[in-house]
Amino acid sequence: MTAPAPAPVPLSGPRFQTEPAQLYREMRREHGAVTPVVLDGDVPAWLVLGYRELHQVTGDPVLFSRDSDLWNQWDGIPDDWPLLPMIGRKQPSILYTVGERHRERVGMISDALEAVDPSELRSYTEKFADELIDGICAKGETDIVGDYAMLLPVRVLARLYGFRDEQGPGLVTALNDMIDGRERAIAGQTHLATSMGRLLADRKDDPADDVVSRMLTHDSGFDDFEIAQDLMVMMAAGHQPTADWIGNSLRLMLTDDRFAASLFGGRNSVAEAMNEVLWEDTPTQNVAGRWASRDTQLGGRRIRAGDLLLLGLQGANSDPQVRTDGSALTGGNNAHFSFGHGEHRCPFPAQEVAEVIARTGIEVVLDRLPDIDLAVPAESLTRRPSPWLRGLTELPVRFTPVPAR
């Protein structure tokens, strides 16, 4: 008698918070490189965990499309489905545009970000980082995630886009409320959309040397609404993963003996810790998604037209087929999937902006609080209960109090 096939894996639950690496290993062992999963409301999908399979999916935008209208489950999706903000329909943003129009959109965003002066970007980051450290440095202890990492990236991005500095704190609150996905999520999204609309109107009347002005004057011909949608995507995608990149890297440096000596200097170790996090503890664990444009085969699975495939970035990064010795990767190997791959990969200028913000943010902490140390047992640290983004709920630290600058 043939044994029954293992049941699909719910893409929820505490194990994504406590032991995702073990969970991905079990999925791969029981189901293979392409695992059947169910989303909220028992909605079926596939989670692509294999490195080669994920390379295949992200490298073929025709067979595995970003066009969510192809989904064969729309008839059963209720209007209040909690994942609609993540898996939306007919969203006029870079996330769901395909073909030549997508390439034009990438060009507009890349051109706007490439014009950012790297020294100015670092200067902005140091300015806001110092302000945040000034607010905590006399206390001798703090939650370096909640009081620092979760506040820094959006302040820098707001400055690059053209917001006034006094608007930064409100944008931080709105974006964090939106990402939390709780009762304040809609209000946060509304505040962000309204603020972005006002900024676009201001910059049409009074252009400046900022990202929004450069997008408005780009020759690709996108209207204000489309540009506003892209700016909201850029803000959300640039803030939370970068904040978690800072938090996860500091956690590694404060808990792993390999990095202990570097807390008192040595910039190479910061870069090594950041790169290791992208391999072993990447902020963006899983991404929705791609949709099969026709029936096909992938990883020994029969994929039907319209099936949703979720990109298992962390699962692919730890695929034993490509990580045969299982050792940590702290050197210059950046063949991870943490920024995606293929046509819909995070635009390279956006990656550079995120890296400068994260690295500068970490360096300011180490410069200003040189004896920073973990204030709780490492095993007591907890993560947000999400299968999508992996970050710490808090990172309590202690240090010798120092005066504000």
Side-chain angles (χ1 to χ4, degrees), residues 66 68 84-86 88-98 100-117 120-121 124-125 127-128 151-179 184-243 344 346-354 357:
R66 197 67 179 89
S68 61
L84 275 179
M86 185 176 296
R89 192 173 195 179
K90 299 187 184 301
Q91 289 190 11
S93 75
I94 189 173
L95 290 180
Y96 295 94
T97 311
V98 298
E100 182 60 29
R101 202 60 173 150
H102 176 265
R103 287 185 284 275
E104 292 173 351
R105 215 157 194 156
V106 171
M108 174 182 65
I109 292 172
S110 295
D111 289 347
L113 291 176
E114 278 180 347
V116 173
D117 185 296
E120 285 189 358
L121 173 58
Y124 295 155
T125 307
K127 173 185 181 294
F128 292 124
L151 307 179
L152 179 61
V154 68
R155 294 290 303 276
V156 181
L157 294 173
R159 167 65 77 87
L160 295 181
Y161 293 175
F163 286 104
R164 298 185 308 276
D165 285 350
E166 60 266 26
Q167 295 175 278
L171 291 168
V172 168
T173 301
L175 200 52
N176 289 338
D177 284 344
M178 192 173 75
I179 291 167
R184 295 281 308 162
I186 299 301
Q189 185 179 41
T190 301
H191 178 90
L192 184 61
T194 302
S195 300
M196 205 66 76
R198 288 174 181 162
L199 177 62
L200 284 169
D202 289 345
R203 285 296 172 263
K204 289 188 78 171
D205 294 336
D206 184 21
D209 183 18
D210 55 42
V211 169
V212 169
S213 297
R214 289 191 285 271
M215 290 175 69
L216 283 169
T217 57
H218 200 269
D219 59 8
S220 53
F222 290 98
D223 62 35
D224 292 1
F225 181 70
E226 291 173 304
I227 291 174
Q229 291 291 309
D230 281 350
L231 287 165
M232 290 178 66
V233 168
M234 291 162 62
M235 184 78 86
H239 168 63
Q240 185 65 61
T242 307
H344 283 268
C346 177
F348 185 70
Q351 297 177 40
E352 290 187 312
V353 168
I357 294 173

Item to check | salt bridge (Lys or Arg N to Asp or Glu O under 4.0 Å) involving Asp210 - partner list, sequence neighbours excluded | outcome: Arg203
May I ask you to test the [X]-[Y] pair for a side-chain heavy-atom distance under 4.5 Å?
X	Y	answer
Asp202	Val212	no
Met235	Phe163	yes
Arg214	Met108	no
Leu171	Ser195	yes
Asp165	Arg159	yes
Met215	Met234	yes
Phe222	Glu104	yes

Item to check | Distance (rounded to the nearest 0.5 Å) between Thr125 OG1 and Glu120 CD | outcome: 11.5 Å
Item to check | Closest approach of Val172 to Leu151 (non-hydrogen atoms, all atoms of both residues) | outcome: CG1-CD2, 3.4 Å
Checklist outcome for this item: Taking every heavy atom of Leu121 against every heavy atom of Val353, the minimum-distance pair comes out as CD2-CA, 3.8 Å
Main chain of [Y], side chain of [X]: is a donor-acceptor contact present, judged purely on distance under 3.5 Å?
X	Y	value
Gln167	Arg164	yes
Ser213	Ala208	yes
His191	Ala174	no

Below 3.5 Å, can you tabulate the donor-acceptor pairs from side chains in residues 223-233 to any protein atom, sequence neighbours excluded?
from	atom 1	to	atom 2	distance (Å)
Asp223	OD1	Phe225	N	3.1
Asp223	OD1	Glu226	N	2.8
Asp224	OD2	Lys204	NZ	3.0
Glu226	OE1	Asp223	N	3.0
Asp230	OD1	Ile94	N	2.7
Asp230	OD1	Arg105	NE	3.2
Asp230	OD2	Arg105	NE	2.6

Next on the checklist: Checking Thr217 now: which residues fulfil side-chain contact (heavy atoms from CB on, under 4.5 Å) with it, not counting sequence neighbours?
Outcome noted: none
